[in-house]
Structures are given as C-alpha cells and as structure tokens.
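Lettering follows sequence order; numbering is per chain, from 1.
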Amino acid sequence: MATSDQTIGRPDTRGNGINLVLWAILILFVLTAPAYIYTVFAMQLLCFALFACAFNLLLGFTGLLSFGHAAFFGAGAYLAGHAIKIWGLPPLAGILFGTAVAAVLGYVIGWLAIRRQGIYFAMITLALAQIIYFLGLQLPFTGGENGLQGIPRGHLFGFLDLNSPLVMYYFVAAVFLVGFFIIYRTIHSPFGQVLKSIRENEPRALSLGYNVNRFKLIAFIISAALSGLAGATKSVVFQFASLTDLHWQTSGEVILMTLLGGLGTIFGPVVGAVTVVSLQHELSSLGSWVQVVIGLIFIVCVLVFRRGVIGELARLLKTSSM
Amino acid sequence: MRLILAQGMLGLNNGVFYAMLSLGLAVIFGMLNVVNFAHGALYMLGAFVALILSSYLGPWIGLDALHIGFWPALIITPIVVGCFGMLIERTMLRWLYKFDPIYGLLLTFGIALVLQGLFSNYFNSAGTPYPAQPESLRGVIHLGFMVFPKYRLFAILFSIVVCFLTWYVIERTRLGATLRAGVENPELVQAFGINVPRMITLTFGFGTGLAGLAGVLAAPIYSVSPLMGADIIIIVFAVVVIGGMGSILGAITAGLALGLIEGITKVFYAPAANTVIFFLMVVVLLIRPAGLFGRQN
C-alpha cells in the first residue's frame, strides 16, 4: 500500500545498519522499561505493541485490512483466562491454549473473509468479529457485562511467582520479543516476500503461480494467533478479560496504532502502540474526550501522515526496510 | 401465529432503518467508492439534530418558547446532516480518492469516533427521549392481529416510500443515468459539460442526508443516544454484504428482509436475534460471495 514507491530501487545497504540500531533501541527499552515506567503500564504497552505488530503483518505486509482483530485478541484473553481460572492450567499452558484457539478462529474467519477483497474483506471481518462479541456477551463462562474476573497469575514453570511484578514483567517481555521475532522472521522469509508481492500486485502474484488465497490464509492465521497471544498475556497481566477486548473499537484502535507508527514497517507498530496507549493513559481523566482525540489523530494520520512515524523516518533516511 | 406476525411487524420496523442506512451506503459507495464508516454516526447526528431542534435550540439562543416539532425537523434534519456530509466530502474525503479505498474507510472511522465522543460529552449515553412526537401520530392502530403504534406504522410506510423513490430516481430517470455514467466513466461525463466533482459532492450529501432522515424517524421510537449509531452500523455492514454492495435494490430488499427475520427469530430463540444477521451473512458468503443482488466479478 503506502510503501509501494519505496520498495522499488537500488538494493538497500543502509537499511541493515539502521535496523540493527532500532533492534538495539527496542531490546534496551524492553529490558530497562521497569526502571522508569510503572511496571503494569509497561506490560500493557508490550501487549498492545505485540497486538499491533501482529495486525501489521496482515495490513502492512499482505495488504489485507481486517477490521475484526479484536475478536482474536479478546478470544485469546477469555480462553486463556478460563483455562487458568477454571481448569487450573499453569499460566504458560493457559496462554498457549488461548493462542491456539485464536489461531483456529483465525482459520475460520480468514477462510470466510478471503473470498472477498479490499473493503468487502474489512466489512466481513468486522461482522464476523461481531458474532464473537455477542458470544462473549452471552456464553455462560464469560461473565457477560462484567467480563471474566479474578484470573490467578500463578507460577511460571511451577516455581517463578508471577505475582511479583518484575517476574511478570520479564515474562511478558519474553513473550513480546518472541512474538516480535516470529513476525520479523516471517517478513524476511521467502514466504514474507510472497506476501509482499500479493500486497503490491495480487493478479501478478497469481499469474506467477502462487496460490494467493493459501498465502493470505496462512498470514491471517499467524496474525490471529499472535493477536491471541497478546490478548492471552494481557488477561494474565491484568487478571481479567472484558468485553472491551472484543469490541470493534479495539479493532479500530489497533488499526490506528499501526497507521500512526507506519504501515508495512517493522518497528512502526511498536511506536504506534506506545503512543496510542500512553495517550489513552494520559487523557483517561477526560472521559469521552479521549475518543475525540483518538478520532482526530485518525483523521490527521489518514489525510497528511499516511506513512506514519517510522515510515516518514525511513523516507528521510532513504531506506525501505525499518 | 399472532406472535410471529407481531414480532414480524416490529422487525420490519427495524428493517426500514437497516434499508435506509444501507441504501445511503450503497449510493455513496456507488459514486465515491468509499465505505462510509461514519454513516452510523450521521444517523445518530440526525436523531440529535431532531432532539436539539425540539428541546435545546430555544434555550441556547434565548428563545425559551422555541420548540421545532417533528414535521419541520423531518425536513430540516436531512438538510443539516447532508450539508455536514458535503462539508466532509469537500474538505477531507476528496483528497483520498487517488489512494486505496481503505483510507476512505479509515478516515470516516475517525470521523465517527469524533462525533460519537463529542455527543457522549454533552449528552447522557443512557439516552434521552425525544419529546416532540406529533399529536396526529400518537396512539395505536388495530391491525387485526395486533395493536400497533401509529407512529411506527408511519415510519415503516414513509421509509418504504423514500427507498422506492431513491431507487426510481437512480435506476429509472435521466438524472440517475447520468450518475451511473459518472461512476463508469467520469472523464466522458465531464466532457458532456457535467461537473462531476460537484455531482459527487451532492451524491455524498444525499447519502448522508438519508442517514440523517433515518435518524429523525428513529428518534421517537428508540431513545436518542450517542451510541445508537455505533450499534447499528455493524448490522448495516452485514446487511450490505448480504444484499451486495453497490446494489440499490439489494440494499433495500436485504434491509427489510433481515429486519423481518431478526424479529421472527426473537419468537423462536431470543438470544440468537442479535447474531442471526451475521450468521446469514456467513451463509450468503458461502453460496454467493458477491451478495444476493451483487454482480459477480
């Protein structure tokens, strides 16, 4: 989409150096954040950053706008929470269960949605996500309007007490870095190159003999699974899963994070998620004005700032892969 | 049987709003290739404009006695909302036509958030009743199988007439032919001396005006709340997918039919009433991915 004019041209040699710097900044930030940010807030940042990166794999690198990603985030949160609270699964197993359910859900929704393209695809994912929202409201185990509360954090591997904020933080940090690395590897694999070619010119990718729908579906499943992972981890951090996690406005927020940070950039969604979540945090005393501010940022981004923060930076530094 | 008929009538009542909103979306999509995510918010805006005209405007401008009733509101509101729509098209949407249509969707999503947030700040999100239901439409009417509020019957008939007129103008008149030609080949139509950008602005204004009109009609039935648009827009998107995007007839038929089906579902299994439309969307997608009335491409 937005990056099409940047991907053509000379082989990129500067990109690698800049990427190394950005990797270093990211890892340094992730490892030292508890020293200067309130730990719970830092964990929230990481969960949403992972969610945004997972979403960007689809919109930024495959060109598919899913407007229903909250379904995977929320499903991961609810099912991990349920598995840990009621079935007594250890936290890591519960999170993996939530991730697996999100992947299966991604298979079903993705399979239905890739029958149509562009904005139809967006509307279909939105409507299907709404089914999941109503299930979250009506199924007996979800707690309806109150959400699923009191999820115990438990012990990681049986001996690391997650009730200690620092232990919990570094667990979340590890989950984030693993998820981020999976996305990074996916994008830089031959599979990722095919995804980009689908984004740039789907008919051509088709004529080259690629089974475009299968590639789209696999990208959708990976994105859904990692969104589920982010949601599941979030429910362990905050010890609850709520209807907000499933609501379509959450789907909208993750789009904003990606757009603001930079569509189709690797580090952009992290910057976008940190910006949006911090903004919501800072403005939370203003009530509904938060929504107005978020909406205005959306409008400004779409009208004048389509490349996003990292996208603009990449343009200034004349490199394509950040 | 009585119960089915009764719920069917109530469902049809919701259905006319689905039909009017998806019709507006279809008109806008046909001309601008934009999915107007702000459509729900504009519907809400319509209901609020009606409420403001009846209760708030007088005190705001220092004329306490000024209450603009339902009938004038039915005319003023679509004009106000339509003008607001044209302002959006002129100042913002216009710059996005050369980009991926997804940006239009995202822009209107932002507009929807702003509108919803602004009204949430000033009005109770639990909803405010609309006080100016006209005298002549109060009371009930006996339909044989049920007593039905007169106003609701009026809303159903009025909306069906509006939908039919819109269909007629677009599909059967010279003006409609020009519009459709403008979609197919803007340069050619421009060469005939028709100002296509202005035509697009007016079409967007008309589509958003329809949303505003649906809002006024809805105000006396549902309470006026900042969230009313957010709730309905997703259903309308599903209706649009079922009917076939861009098909005028599809929007109207699917809207009415799905309202009816939703109402009847309440009789048999109430908890499914919220989701039945989305399940139908899945079924339609499996059989006809382009929607019931959509062109396969």
Q: Might you point out which heavy atoms bring B:Tyr103 and A:Leu263 nearest each other, and give the distance in Å?
A: OH-CD1, 3.6 Å
Q) With a 4.5 Å limit on heavy-atom distance, are the side chains of A:Met123 and B:Met281 in contact? A) no
Q: For chain B, find which of A:Gly287, A:Gly252, A:Gly118 contributes the most heavy-atom pairs closer than 4.5 angstrom.
A: A:Gly252
Q: Against chain A, label B:Ala230 side chain, backbone, both or neither, depending on which of its atoms sit under 4.5 Å from a heavy atom there.
A: both
Q) Do A:Arg306 and B:Leu96 touch side chain to side chain, with heavy atoms closer than 4.5 Å? A) yes
Q: Check each atom of B:Leu286 against the heavy atoms of chain A and say whether the ones under 4.5 Å are side chain, backbone, both or neither.
A: both
Q: Decide yes or no on ring pair (Phe, Tyr, Trp, His ring centres under 6.0 Å) for A:Trp248 and B:Phe37, but give the supporting numbers first.
A: CA-CA 12 Å; A:Trp248 61 264; B:Phe37 208 110; 5.5 Å; yes
Q.
Taking every non-hydrogen pair under 4.5 Å, which of B:Thr108, B:Val282, B:Val241, B:Leu113 racks up the most with chain A?
A. B:Leu113
Q: Check each atom of B:Leu107 against the heavy atoms of chain A and say whether the ones under 4.5 Å are side chain, backbone, both or neither.
A: both
Q. Looking only at heavy atoms, which two atoms of A:Ala127 and B:Ile234 are closest? And how far apart?
A. CA-CG2, 4.3 Å
Q) CD1/B:Ile102 to CG/A:Leu259 distance, rounded to the nearest 0.5 angstrom? A) 11.0 Å
Q) Where on B:Val240 is there a heavy atom nearer than 4.5 Å to chain A: the side chain, the backbone, both, or neither? A) side chain
Q | B:Leu105 portion near chain A, given a 4.5 angstrom heavy-atom threshold | A | side chain
**Q.** Residue B:Phe109 versus chain A: region with a heavy atom under 4.5 Å
**A.** side chain
(Q) Side chains of A:Trp289 and B:Leu118, heavy atoms from C-beta outward: is any pair under 4.5 Å? (A) yes
Q: With a 4.5 angstrom heavy-atom cut-off, could you sort out which part of B:Met92 is near chain A: side chain, backbone, both or neither?
A: both
Q | Donor-acceptor contact below 3.5 Å, side chain A:Gln138 vs main chain B:Pro271 | A | yes
Q | Shortest non-hydrogen contact between A:Ser288 and B:Gly117, atoms and distance | A | CB-O, 3.6 Å
Q.
Quick check on A:Leu126 against chain B: is it the side chain, the backbone, both or neither that has a heavy atom closer than 4.5 Å?
A. both
**Q.** Closest non-hydrogen atom pair between B:Ser120 and A:Gln291, with its separation
**A.** OG-OE1, 4.4 Å
Q: Please round to the nearest 0.5 Å and tell me the distance separating atom CG of A:Leu65 and atom CG of B:Leu106.
A: 6.0 Å
(Q) I need the minimum non-hydrogen distance between B:Val114 and A:Val292, along with the two atoms involved. (A) CG2-O, 3.6 Å
Q.
Report which part of A:Leu128 has an atom under 4.5 Å of a heavy atom belonging to chain B: side chain, backbone, both, or neither.
A. both
Q) So A:Phe67 and B:Phe237, side-chain contact (heavy atoms from CB on, under 4.5 Å) or not? Walk me through it. A) CA-CA 12 Å; A:Phe67 223 119; B:Phe237 278 167; over 6 Å; no
